[in-house]
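I have placed the structure first, in the form of structure tokens, so that the comments after it can refer back to it.
Predicted model, so just to flag it, every value in this text is computed and none were measured.
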Number of protein chains: 2
Amino acid sequence: MRVRETQSPAMLRLSRLAGLTATDLALLEPGMLTGHLARSRREILREGEEITGAQIIVSGWAVRARLLADGRRQFLSFLLPGDLIGHCRHSRPLAVSTIVALTDVRLCAAPAPSTSASLAEAYAVSQALDEAYLLSHITRLGRLNAQERIGDLMLEFHERLTLAGLVTHNGFEMPLTQEALGDALGLTSVHINRMLQLMRREGDLTLKGGRLILSDPPVLARKVGRAPIHVTANPPQAEA
Amino acid sequence: MRVRETQSPAMLRLSRLAGLTATDLALLEPGMLTGHLARSRREILREGEEITGAQIIVSGWAVRARLLADGRRQFLSFLLPGDLIGHCRHSRPLAVSTIVALTDVRLCAAPAPSTSASLAEAYAVSQALDEAYLLSHITRLGRLNAQERIGDLMLEFHERLTLAGLVTHNGFEMPLTQEALGDALGLTSVHINRMLQLMRREGDLTLKGGRLILSDPPVLARKVGRAPIHVTANPPQAEA
DNA sequence: CGCCTTGTTGAGCCCTTTCAAAGGATGTGG
DNA sequence: CCACATCCTTTGAAAGGGCTCAACAAGGCG
């Protein structure tokens, strides 16, 4: 199953998760073109609302967040191109977190999994990955120090965006403000700032104008103690 | 659907999640009696292993954990009576975390969801709850201070054990050592100890001989800023 | 050009950790 | 029933990592 050059990042990701057929791609393609747009900072889904239908992130970044009564907030996970929203298997599900667009986000309806077994498999693998990354996030917050948290999160982005074909020479668009990074990593933006400077000085990364470059991902991974993530015994086609 | 007095905590929990029928209960009951035992401190599942079959915790406490290369470890979530292990919807799934018994744990095989729609619904709701608690755990670690973390976790136990009928007069068995609490909450056992003493002095709780009593759950919930958790628009039958 | 968001910097404080040691429980074997 | 080992809890003193509260610089953008 060769992946075509012309595929969008979202389709590339999904097809890599479960080896989608040409038929599956044909199912996905129309939605990719017709989906709707959520402007930056808009809520895509609000905690406690009933979930209506599953969607796919076509482009842009969004975030799942919990908002505390006193104004504190915590980012739970990031949603990148090819990620799924609102897949539930029980009746009348409620959203357990709010989803906010961090950039302009293009969304489309996800074809029902019942239409294709391989598509259903891709959804299931995607969801398993979601959960694995949630668990990593817990470990990050519970046991890593500030510098390790930042490095670990950047490596997660690198890994996930690579799957969607959005990484070149270890560099990729990373549209998060330092305050957003703080909300994700349980730190203040002030401290994020200082640690980023330190990591730049130590040669771990470059971050300028919304573009992040990791100097040497494997070295950074060793430095922050990051282990690779696997959810399937059949590994997805590795990035070229 | 009246719940019988004789039900085990595990069955009580599952039947409350989706209003199980007598047929479902009959499906579950044999397993509850024949399941096998995992001794305290034993691994029930190891990260990276292939998952074989779904199981139900009949009694006892277990924990999902990530172990870091340098010996640090982080508890991801607790598994209490009636909780499910190893439900996956994609082919050849791998365990993304290690599961360790914290007490002696009785386990049984979970009947296949295909045998009953209401049972499948109970599994799905259970899994949605799992995820909701994972998200709460992230918020706990990212945004709460030590005292809030402890209070919030104890309220989670209170809530979940109530569903299984294991709480009387706001008191329940809580077999975690202070070191285990530290591993769950991203704190050292020394600090857990000091904060527990503080909370005892402030009249929030009593903890002695493995039994925890919350003086006033709603008051504590307000104090630590805890919001209730809902995953379904049809609320489960509330505890009597 | 001026506004508004984002990034940068400093000083002091506070929550949590570290390191060490002692005290209580609990269980096992003699 | 005591001796002993092991695990768990408790306590103290000192250090450190990250926070707070400013204030200011630097970019985008209309």
In whole angstrom, what separates [X]'s [atom1] from [N]'s [atom2]?
| X | N | atom1 | atom2 | value |
| --- | --- | --- | --- | --- |
| B:Glu179 | D:dT9 | CD | P | 9 Å |
| A:Arg143 | D:dG17 | CZ | P | 17 Å |
| B:Lys208 | C:dA25 | NZ | P | 11 Å |
| B:Asn145 | D:dG17 | CG | C1' | 16 Å |
| B:Arg211 | C:dA25 | CZ | C1' | 20 Å |
| B:Leu185 | C:dC15 | CG | P | 18 Å |
| A:Gln178 | D:dA26 | CD | P | 15 Å |

Within residues 187-206 of chain B, the residues having a heavy atom closer than 4.0 Å to DNA chain C are B:Leu187, B:Thr188, B:Val190, B:His191, B:Arg194
For B:Thr139 and A:Arg72, test the side chains for any donor-to-acceptor distance below 3.5 angstrom and give the result as yes or no.
-> no
Do the side-chain N and O atoms of A:Ser136 and A:Arg226 include a donor-acceptor pair separated by under 3.5 angstrom?
-> no
For a side chain to side chain contact (heavy atoms under 4.5 Å, CB included) with A:Met154, tell me which candidate from A:Leu212, A:Asp204, A:Leu207, A:Ile213 qualifies.
-> A:Leu212
Look at the side chain of A:Thr177 and decide which nucleotide, out of C:dT5, C:dG7, D:dT10, has an atom nearest to it.
-> C:dG7
For A:Arg41, report the nucleic acid contact type (base, sugar-phosphate, nothing); a contact means any heavy atom under 4.0 Å.
-> sugar-phosphate
Touch check for B:Gly186, heavy atoms < 4.0 angstrom, all strands: base, sugar-phosphate only, or nothing?
-> sugar-phosphate
Euclidean distance, A:Arg41 CZ relative to A:Asp104 CG, rounded to 0.5 Å | 11.0 Å
Determine, for B:Tyr133 and B:Arg160, whether the Lys NZ or Arg CZ falls below 6.0 Å from the six-membered ring centre while staying within 45 degrees of the axis.
-> yes
Map A:Gly209 and B:Leu176 onto DNA chain D by nearest heavy atom, then report which one ends up closer to the 5' terminus.
-> B:Leu176
A:Thr103 side chain to A:Ser40 main-chain N or O, any donor-acceptor pair under 3.5 Å?
-> no
Ignoring backbone atoms, establish whether A:Gln147 has a side-chain N or O less than 4.0 Å from OP1 or OP2 of D:dG18.
-> no
Is the distance between the ring centroids of B:Phe78 and B:Phe157 under 6.0 Å?
-> yes
